Every structure is written in structure tokens, then in C-alpha cells.
Peer 1: 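Please see the structure below; I have some questions.
The model shown is predicted, which means the values in this text are computed figures rather than measured ones. Position 1 is the first residue of the sequence; numbering continues from there.
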Amino acid sequence: MSVYTRLQALDIALPPVAVPAAAYVPFVQSGRLLFLSGHIAKRDGKPWVGQLGLTMTTDEGQAAARAVAIDLLGTLEAACRAAGTTLDGVRRIVKVLSLVNSAHTFTDQHLVTNGCSELLIQVFGAEVGAHARSAVGVAQLPLGACVEIELIAELA
């Protein structure tokens with residue numbers, strides 16, 4: 001099944017690539033690998049501000065991580081097109097690094113990150129979408145965002 005068919009079934013419209021807010025680019029290709037810069041969680045077009053274990057629950061964090069995954073997919077599509085292919089040309093989601101704005105007592109960063117990981121598997125299927133990952137708690141993120149995630153993908 002095509003990635004685009006799955007996206008349509010999930011009622012997901014991919015957003016355009018966001019304009020970088022600092023001195024970086026949204027993605028870089030090196031060989032067959034695509035490296036996507038970190039994307040912060042957004043809600044209603046604004047940074048999704050909060051700290052897990054203090055002002056946000058794990059379920060809210062999962063929703064934020066899922067929102068980040070949708071933004072990452074928009075950037076991944078642009079990176080694929082720049083490489084002369086589409087999302088169907090992704091051979092593997094290789095790695096996800098998730099930074100979770102967490103209170104010092106919060107220990108469920110891995111569950112928050114599932115919001116991203118589970119969507120990637122739904123969109124690409126387990127064979128392509130299952131990935132290595134790290135989920136790290138941090139004291140703060142840019143603009144007070146609750147989650148920031150970066151991604152590495154391999155093209156066929």
C-alpha cells in the first residue's frame with residue numbers, strides 16, 4: 001500500500017516545510033540518508049508549550065509527539081522530492097531522537113515518544129517504519145516547546 005494511501009486513510013494532510021527560525025536547514029542529504037532537523041511540537045500553528053510531569057500528562061505528550069511526526073513527514077516529503085523521489089521511495093526510517101521537556105521526576109519519555117513512533121509505523125508499515133530511537137528528558141526546549149524530534153531516513 002502506498003504511503004499516500006495510508007496518509008489519506010489516516011486523514012493526514014502534510015504541511016509545507018517550515019522556514020528555519022535560526023542558522024540551519026530543514027534537511028540534508030548525504031548519500032542515501034536524509035537527516036531532518038529537529039521539529040518542535042506545535043498546536044494551532046504555535047509552539048506547544050509545556051513540561052511533562054508538571055503541566056502536561058503523558059497522553060498530552062503523546063499527542064504532541066504525533067503532531068511533530070506529521071510535521072516531520074511534511075519535511076521528509078520535501079527532502080524526498082529534492083532527491084527525485086516521493087515518500088514511497090523511503091527504504092527505512094532509520095532513527096528518531098526525541099527530546100522531551102520534562103520535570104526532573106518524569107520518567108515516561110519513551111511513552112511520549114511513542115506518539116511519533118507509532119504514527120511512523122502506521123504510515124510506512126512495520127518493515128519500513130520501525131526504527132531505532134532515543135527518548136531523552138531535558139530541562140527545557142526552544143520556545144518552551146514540550147517535545148522536539150529529529151529523524152534520519154534512508155532512500156531506496
Peer 1: Does Val49 share a hydrophobic cluster with Phe106, counting links as ILVMFWY side-chain heavy atoms below 4.5 Å and allowing steps through other members?
Peer 2: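 No, it is not one cluster - the side chains of Val49 and Phe106 are not joined through contacts under 4.5 Å.
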Peer 1: Quick one: do Val100 and Cys146 satisfy side-chain contact (heavy atoms from CB on, under 4.5 Å)? Show the steps, please.
Peer 2: CA-CA 6 Å; Val100 181; Cys146 56; over 6 Å; no
Peer 1: Mind checking whether Leu14 and Leu120 sit in one hydrophobic cluster, side chains of I, L, V, M, F, W, Y counted as touching below 4.5 Å?
Peer 2: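 As far as the 4.5 Å side-chain criterion goes, Leu120 and Leu14 are connected within one cluster.
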Peer 1: To check you understand the geometry: which heavy-atom pair defines the closest contact between Ile70 and Pro15, and what is its length?
Peer 2: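 That would be O-CD, 3.6 Å.
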Peer 1: After noting the C-alpha distance and the side-chain angles of Cys116 and Val68, does the key distance pass the side-chain contact (heavy atoms from CB on, under 4.5 Å) rule?
Peer 2: CA-CA 7 Å; Cys116 174; Val68 175; 5.8 Å; no
Peer 1: Has Ser37 got a side-chain atom pairing as donor or acceptor with Val25's backbone, closer than 3.5 angstrom?
Peer 2: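 Judged by distance alone, yes, a pair lies under 3.5 Å.
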Peer 1: Going by the rule side-chain hydrogen bond (donor to acceptor under 3.5 Å, both in side chains), which residues pair with Ser117 if we only count those two or more places apart in sequence or in a different chain?
Peer 2: His131, Arg133
Peer 1: Going by the rule side chain to side chain contact (heavy atoms under 4.5 Å, CB included), which residues pair with Ala67 if we only count those two or more places apart in sequence or in a different chain?
Peer 2: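 Partners of Ala67 under the side chain to side chain contact (heavy atoms under 4.5 Å, CB included) test: Trp48.
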Peer 1: Test of understanding: with side-chain hydrogen bond (donor to acceptor under 3.5 Å, both in side chains), list the residues that count as partners of Ser134, not counting sequence neighbours.
Peer 2: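 Once residues adjacent in sequence are excluded, the partners of Ser134 under the side-chain hydrogen bond (donor to acceptor under 3.5 Å, both in side chains) criterion are Lys95.
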Peer 1: Could you list the cluster mates of Leu97? Members are the ILVMFWY residues connected by side-chain heavy atoms closer than 4.5 Å, either directly or through other members.
Peer 2: Leu99, Val136, Val138, Leu141
Peer 1: Could you list the donor-acceptor pairs under 3.5 angstrom formed between side-chain atoms of residues 4-13 and any protein atom two or more places apart in sequence or on another chain?
Peer 2:
{"residue": "Tyr4", "atom": "OH", "partner": "Glu77", "partner atom": "OE2", "Å": "3.0"}
{"residue": "Tyr4", "atom": "OH", "partner": "Leu87", "partner atom": "N", "Å": "3.1"}
{"residue": "Arg6", "atom": "NH1", "partner": "Met1", "partner atom": "O", "Å": "3.4"}
{"residue": "Arg6", "atom": "NH1", "partner": "Val123", "partner atom": "O", "Å": "3.2"}
{"residue": "Arg6", "atom": "NH1", "partner": "Phe124", "partner atom": "O", "Å": "3.3"}

Peer 1: Could you give the side-chain donor-acceptor pairs of residues 147-156 under 3.5 Å, partners two or more places apart or in another chain?
Peer 2:
{"residue": "Glu154", "atom": "OE2", "partner": "Arg32", "partner atom": "NH2", "Å": "2.3"}

Peer 1: With sequence neighbours excluded, tell me which residues meet side-chain hydrogen bond (donor to acceptor under 3.5 Å, both in side chains) with Thr57.
Peer 2: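 Partners of Thr57 by the side-chain hydrogen bond (donor to acceptor under 3.5 Å, both in side chains) criterion, ordered by chain and then number, come out as Glu60.
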Peer 1: Examine Leu119 and Val94 and state if one hydrophobic cluster contains both, with Ile, Leu, Val, Met, Phe, Trp and Tyr joined whenever side-chain heavy atoms are less than 4.5 Å apart.
Peer 2: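 Result: no, two separate clusters.
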Peer 1: Taking atom CD of Glu118 and atom CZ of Arg66, what is their separation to the nearest 0.5 Å?
Peer 2: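 One gets 10.0 Å once the value is rounded to the nearest 0.5 Å.
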Peer 1: What residues form a side chain to side chain contact (heavy atoms under 4.5 Å, CB included) with Leu111, not counting sequence neighbours?
Peer 2: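 Side chain to side chain contact (heavy atoms under 4.5 Å, CB included) list for Leu111, sorted by chain: Thr58, Gln62, Asp108, Asn114.
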Peer 1: Using the rule that Ile, Leu, Val, Met, Phe, Trp and Tyr join whenever any side-chain heavy atoms are under 4.5 Å apart, tell me whether Val17 and Val3 fall into a single cluster.
Peer 2: no
Peer 1: What residues form a side chain to side chain contact (heavy atoms under 4.5 Å, CB included) with Leu143, not counting sequence neighbours?
Peer 2: Ile40, Pro47
Peer 1: For Asn101 versus Ala139, what's the shortest heavy-atom pair and its separation?
Peer 2: OD1-O, 3.4 Å
Peer 1: Measure across Ser30 and Phe35 and return the closest heavy-atom pair with its distance rounded to 0.1 Å.
Peer 2: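 Closest heavy-atom pair between Ser30 and Phe35: CB-CE1, 4.0 Å.
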Peer 1: Answer yes or no: is there a donor N or O on one side and an acceptor on the other, between the side chain of Gln29 and the main chain of Gly31, under 3.5 Å?
Peer 2: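 The answer is yes, because a donor-acceptor pair under 3.5 Å joins these two groups.
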Peer 1: Nearest 0.5 Å, please: how far is CZ in Arg91 from CG in Leu33?
Peer 2: 10.5 Å
Peer 1: So, for Gly61 and Met56, which heavy atoms are closest and what is the spacing to 0.1 Å?
Peer 2: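 For Gly61 and Met56, the tightest heavy-atom pair comes out as N-CE, 4.0 Å.
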Peer 1: Assess the side chains of Ser102 and Gln109: does a donor N or O sit below 3.5 Å from an acceptor N or O?
Peer 2: yes
Peer 1: Taking only residues two or more places apart in sequence, or in another chain, which ones meet Asp59 in a side-chain hydrogen bond (donor to acceptor under 3.5 Å, both in side chains)?
Peer 2: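 Not a single residue meets the side-chain hydrogen bond (donor to acceptor under 3.5 Å, both in side chains) criterion with Asp59.
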Peer 1: If you measure from CD1 on Ile93 to CG on Leu76, what distance do you get to the nearest 0.5 Å?
Peer 2: 5.5 Å
Peer 1: Test of understanding: with side chain to side chain contact (heavy atoms under 4.5 Å, CB included), list the residues that count as partners of Pro20, not counting sequence neighbours.
Peer 2: Tyr24, Pro26
